[in-house]
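Worksheet: one structure, shown below.
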Amino acid sequence: MKRVYNFSAGPSMLPLPVLEKAQKEFISYGDSGMSVTEMSHRSKVYEEIIARAESDLRSLMPVPENYKVLFLQGGASMQFAQIPLNLLSAYKTGKADYINSGNFANLAIQEAKRFGDIKVVASSKDDGYSHIPDWNDADFRPDADYVYICLNNTIYGTRFTTLPKTGKVPLVADASSCILSEPIDVSQFGILYAGAQKNVAPAGVTIVLIREDLLGRALDITPKMLDYQTMATSASMYNTPPCFPIYMAGLTFEWLLQTGGLKARKKINEEKAAILYGYLDESRLFKNPVLPRDRSIMNVTFVTGSAELDDAFCKEAEKAGFVNIKGHRSVGGMRASIYNAMPAEGIAELVEFMKAFELAHA
Ligand SMILES: *Cc1c(COP(=O)(O)O)cnc(C)c1O
């Protein structure tokens, strides 16, 4: 069976060398005589797998020493609750400031409102999230417990290119759809987190990087499982961790290290995105609806302006081996998610296909 170019926003393509290594090791990992899916998470062999994943991630990003690396469950969406539960100084009256740049930021806001006094400092909701909203740093409350942003907006194809200046107030960021796509200065954040299934591993693990001074301040109502301190103290092994996704994440970290690290990856990703945006800017049929300043290099959205034509395009693309290119159900149109695993050829071939479609339909 030929592999297709899979433009899914998540779960999404994984690097072929990662899949091949996992396949090779699937029945028996090393000389253990068993699959990673069958191992005790307390065994020496698994302890080595998780420790190696952590140390590779630390050198890859890099993660500063005063940050814990946690491998958690519940997806990125669990963080929408876990963050306020852990960082708000008081139930209901603790303060946090949010920027509403997309659907996932909005969901995080709604969840946080159940626990604290939440201020939305800027929002692009009324513009259909077609850009990152302009904010004024002076609007952040100096007594807020944290400021929250979503770095890359998966559904709308926008991203932050500069960060809010929050002074002593910790900045918390959802990096689910851009983690490991380029270097990122972790020290700018109190918490940086990402669900794995966009750019790292199969669904099931969420990576949380947390500055150590933010541990141990969870609200009293916080379930033990959701207290970051519990997981930090136990090195993500308070209970059974998502063993297999962590192993797969480890393979991705290793692949990224072997292929030049995140600086090299940034260059490749910028070149890949430029192929698609370059064509979209000259196309007379397809348009990218995003403010150019804020264009994501991971999720590229485009429309023809006609719902029927969008639909026809998605169907024909699917037949030609460009799959999962339909936009999110809430916005329609098309979206090509071009994470690390999508090769440049996949994008170049997609552009050729789009050009032929344009000729036939313009
Ligand atoms: C996919 C995604 C989420 C939701 O992730 P789940 O793991 O399904 O909870 C949250 N934030 C961003 C930016 C995403 O791309």
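Numbering of ligands and ligand atoms starts at 1, following listing order.
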_Aromatic ring proximity Tyr98/Trp135, centre distance under 6.0 Å_ = no
*ligand 1 and Ala76, any nitrogen or oxygen pair closer than 3.5 angstrom?*
yes
*Thr154 heavy atoms, cut-off 4.0 Å: which ligand 1 atoms fall inside?*
12 (C), 13 (C), 14 (C), 15 (O)
*So among Asn299, Asp294, Asn153, which one has a side-chain hydrogen bond (donor to acceptor under 3.5 Å, both in side chains) with Thr158?*
Asn153
*For the pair Asp227 and Arg217, find out whether any cationic side-chain nitrogen is under 4.0 Å from an anionic carboxylate oxygen.*
no
*Salt-bridged, Lys272 to Glu345, with N to O below 4.0 Å?*
no
*Just which atoms of ligand 1 are under 4.0 Å from any heavy atom in Cys150?*
13 (C)
_I need the contact type for Lys198 against ligand 1. Using non-hydrogen atoms and a strict under-4.0 Å cut-off, is it side chain, backbone, both or neither?_
side chain
_Asn152 neighbourhood, listing ligand 1 atoms whose heavy-atom distance to it stays under 4.0 Å_ = 13 (C)
_Element-labelled atoms of ligand 1 that are located less than 4.0 Å from some non-hydrogen atom of Gly75_ = 7 (O), 9 (O)
*Is the shortest side-chain N to carboxylate O distance from Lys92 to Asp117 below 4.0 Å?*
no
*Give the residue and atom name of whichever protein heavy atom lies nearest to atom 4 (C) of ligand 1, and the separation in Å to one decimal.*
Phe104 CE2, 3.6 Å
_I'd like to know if Arg211 pairs up with Asp213 as an ion pair, taking the criterion as any Lys NZ or Arg NE/NH1/NH2 lying under 4.0 Å from an Asp or Glu carboxylate oxygen._
yes
*Which residue holds the protein heavy atom closest to atom 9 (O) of ligand 1, what is that atom called, and what is the gap in Å?*
Ser77 OG, 2.5 Å
*Should Asn153 be listed as contacting ligand 1, given a heavy-atom distance under 4.0 Å as the test?*
no
_Give the atom numbers and elements of ligand 1 that come within less than 4.0 Å of a heavy atom of Gln197._
5 (O), 6 (P), 7 (O), 8 (O)
*asked:* Considering non-hydrogen atoms of the protein only, which is the closest contact for atom 11 (N) of ligand 1, and what is the distance?
replied: Asp174 OD2, 2.6 Å
*asked:* What I want to find out is whether Glu212 reaches Lys68 closely enough, with some N-O distance under 4.0 Å, to be called a salt bridge.
replied: yes
*Thinking salt bridges, do Lys21 and Glu254 make one under a 4.0 Å N-O criterion?*
yes
